[in-house]
Amino acid sequence: MSSTIRLTLLLLTFTAPVLFPSAIAADRTPVFPPRMPPRNDIVVENRVPIPMRDGVILYADIYRPVGDGKHPVLVSRTPYSTERFATAYAAAVFFARRGYVYVFQDVRGRHESEGVWDPARYEFKDGYDTVEWAATQPWSNGKVGMQGGSYLGSDQWQAAKLQPPHLTSLFPDVAATSWYHHAFTLNGGFRLSLAFGWGPVRQESHIMQNTGAHTLEGGPENISYDKVIWHLPLIDMPRLVGRDAKFYEDWIEHPDYDDYWKAVSVEEHFDKMQAPAYNFGGWFDILLQGTLNGYTGLRNHGATEAARQGARLQVGAWGHGPSRKHGDLDFGPTNFVDELAVQLRWYDYTLKGIDNGMESEPPVALFQMGRNRWRFHDDYPLPETRYRELYFHSGGQANSYRGDGSLSWDRPEQEPSDHYRYDPNHPVPSHGGANCCGTPTPIGPVDQRRVERRNDVLVYSSDFLKEGVDVTGPVKIVLYASSDAVDTDWVAKLVDVYPDGKAYNVAEGILRARHREGQDKPKLMEPGTVYRFEIDLLGTSNAFLPGHRIRVDITSSHFPQFDRHPNTGEPFGKSKKVKVARQTVHHNSAQPSHVLLPVIP
C-alpha cells in the first residue's frame, strides 16, 4: 500500500567547501560558499509502482515539494535498497527540499522491486522506462536528470545510451562506463576483491566485523574472508560460502572483452549521448577510468553540441567519495568538497536554467597533489602536456628499494636485465591504491616500503629532484619483458618518494600478458620471448617537489585486489594449478623500458 507522509524536518546547513572555479584566480585563495539552505517542506510517497516495458513492476519512493506545482525530476536507481542507507535518504530529502522531485527506485530484482537480479543487464531499458515515466507525471515539468554514485552513477550512463527524450542532465559520480574495463577487470587483470566482495558476498548478505576479524555471514559456517579469498578455483568461491551467484560464474566464464561485456558497456556509444554530464571522481577511486573516459568520450563524441560543450570533469585526491584525508595523507581542507552542493549547482544550471556562472567556467577541475591545490583547465588531457620518457636503469640488481634500480631522462645503452621470481603462493600483498567494496586492505596513498623491501618487486628511483616535476594526465609504463610462463601479470606503480624516505603511490596499473594486444584479443606468450607491454596507470595529478624522488615499482601480483595469476595458461578461474614464473625486465638501447609521464610546463 502506498502512503503519504508530510515531512517538516529542518535540515542543518552543512558548510563543507563548495568548489566554484569562477571564485579562483591565479594569485587568490579559493572562496567556498556554503550550500543553499532548504526552501520548502516535502511529501513522501512510498512504494510507488513503475511498470517496465516487459510488465515487471519496479517500486520507488517519491520525494517532492508540497503542493501541486510542477518541478524538474531527479531519478536515482539503486541495488542497495531505498530504505537502508542514510546517505541515500539524505540526498533524496536534500534535493526535494530544494525544489526537485526525487524518484528513488530499487532496481530490478532488488529489495521491493520485481524481477531477476543480474547486475547491469537490465539497466538500459529499465532506466529509459523510468526516466520517461517520471517525465509524464503530474508533478513533473518534463525535464529529468539522474543522480547517484557508483552503481547508481553507472545506471545513468546505461539509461543515456538509449537516448530517453526527456533525459536532460547527468551527474555520474564515481561511475564506470564499462563494467569490464573499469569494475571487474583492469587491462585484463581480474579485480577479485571487488568481483567477489561486491558480487556474491555483498549482494546477498553483508560482512560482519568482530574484534578486527572479517567473516562471511549466511554460509554453512562463519568463514574468514581472508581465508576464502585464497581459494582456488575462483569459480567455486560462492559455493564455498553458501552463495548461488550465477552472475559471478558468468564473469569467470568471460575473462575477455566479448559480446557478454559489450552488451553492458557504453564506451562505444558516446555518439548517442544527448545530455551533458558532470563527471565526478577521485584519483584513488576504483572506477577512475570511467570518470575520465566519461568526460573525454562525451566531450569528443557526444551526439549534441549541448552534450559535448556541457561535459564537465572534477577529480579530487580521494577514493570512492570525497574526503580530506585519504590513505596516509592529509591533503588539506580544500580537497574535501560538499558533493551535494556541487550537484545542486549543476542541476540548477542544467534543469532549472539558473545563470549561476557555470557556463563561463573552465570545464575541468583537478586537485593537484603535492602542492595540494585545485587547478582549472579547458580540457583533459591538458593541451599543453609534454609526454616525457623517464627510463629504467640498473646493474641487474633492482630488486627491492635496497637495489640499484634508477630512473633517468637518459635513454639506456647496454645494461644487464633485472630478474625476479613470482610465486602465486606468496604474492605481493595489496597495500594502498584503488580498492572498494571488498576485502579490507589499506587503500589510497600508503607508504610502499612495506612491499618494496621484497625481492620480487623491482624498484627504480630517480635522483633527488632539484626542480619540481608537475605531472597531470594519463600515465603509462612501457615495459620490455619476458617470462618463462605462457601467461602472467605485470603490475606497476608510480610512487612519490618524500625526503624522509616514505614512498607514496600516486597511480597504479596492471596488465594481463595475454591481453597485450587488446582485451578482446587474448594471445598466450612464447616463453623467453621479449614483448613490449603497455601498462595503463590511468591518470594522476601530482607535483613531485624539489627534494623528492620519482619511483616506479614493477612486480607481478597485487593480491587480493587482483587475483593471483597462476602462470599456467589454463582456462581462467577453473583450475587449482599454479606455477612459479621467472620474470625478466629489459632496459637497453633496443628495449628501453620507461614510464611515460604527462609533464606540465
Side-chain angles (χ1 to χ4, degrees), residues 118-121 176 178-201 228-241 243-265 286 289 422-428 430 435 438-439 481 483-491 509-527 531 533 535-536 555-581 583:
D118 193 351
R121 294 283 136 186
S178 169
W179 280 91
Y180 178 85
H181 294 97
H182 311 157
F184 300 125
T185 80
L186 178 61
N187 303 318
F190 185 60
R191 292 191 189 270
L192 176 63
S193 178
L194 178 67
F196 181 66
W198 181 85
V201 174
V228 173
I229 210 75
W230 286 85
H231 180 77
L232 293 176
L234 299 179
I235 200 166
D236 290 342
M237 288 174 63
R239 286 186 286 275
L240 186 69
V241 295
R243 303 287 192 271
D244 182 15
K246 176 63 167 56
F247 56 82
Y248 175 84
E249 296 178 8
D250 290 342
W251 301 342
I252 298 294
E253 294 280 358
H254 296 272
D256 310 317
Y257 188 54
D258 57 14
D259 289 342
Y260 172 85
W261 292 109
K262 290 177 182 178
V264 293
S265 172
I286 199 167
Q289 191 173 10
Y422 161 48
D423 183 353
N425 288 321
H426 299 281
V428 177
S430 297
N435 195 12
T439 44
S483 174
D484 66 356
V486 296
D487 196 18
T488 194
D489 281 344
W490 303 105
V491 176
I510 189 172
L511 175 64
R512 188 138 293 181
R514 70 170 64 197
H515 290 128
R516 62 192 178 277
E517 297 179 6
Q519 281 82 63
D520 58 343
K521 302 172 183 176
K523 187 177 181 180
L524 296 178
M525 298 184 297
E526 290 289 338
Y531 295 93
F533 300 99
I535 309 174
D536 185 2
T555 188
S556 290
S557 48
H558 190 330
F559 178 78
Q561 287 189 31
F562 297 90
D563 74 306
R564 298 168 291 145
H565 198 295
N567 302 319
T568 62
E570 294 190 350
F572 173 68
K574 298 180 180 180
S575 174
K576 295 182 178 180
K577 295 181 180 179
V578 299
K579 73 180 292 287
V580 175
Q583 319 288 53

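Ion pairing between E570 and K579 fails under the 4.0 Å rule for side-chain N and carboxylate O.
Here the closest heavy-atom approach between residue Y248 and residue A195 is recorded as CD1-O, 3.9 Å. Shortest non-hydrogen contact noted between I510 and I535 is N-CG2, 3.8 Å. Listed here is the closest heavy atom pair of H565 and Y422: O-OH, 2.8 Å. For the residue pair M525 and A485, the shortest heavy atom distance occurs at CE-O, 3.3 Å.
Of the listed residues (D256, D563, D487), just one forms a side-chain hydrogen bond (donor to acceptor under 3.5 Å, both in side chains) with R512, and that residue is D563.
With Y260 as the aromatic partner, R121 meets the cation-pi criteria of under 6.0 angstrom to the ring centre and within 45 degrees of the ring axis.
Not a single donor-acceptor pair under 3.5 Å links the side chain of Y257 to the backbone N or O of K521.
In this structure, a donor-acceptor pair under 3.5 Å is absent between the side chains of T185 and Q519. Neither side chain, D489 nor S556, offers a donor N or O lying under 3.5 Å from an acceptor on the other. Under the 3.5 Å distance criterion, with hydrogens and angles disregarded, no donor-acceptor pair is assigned to the side chains of S193 and Q561.
K576 NZ: 12 or fewer foreign heavy atoms inside a 6.0 Å radius.
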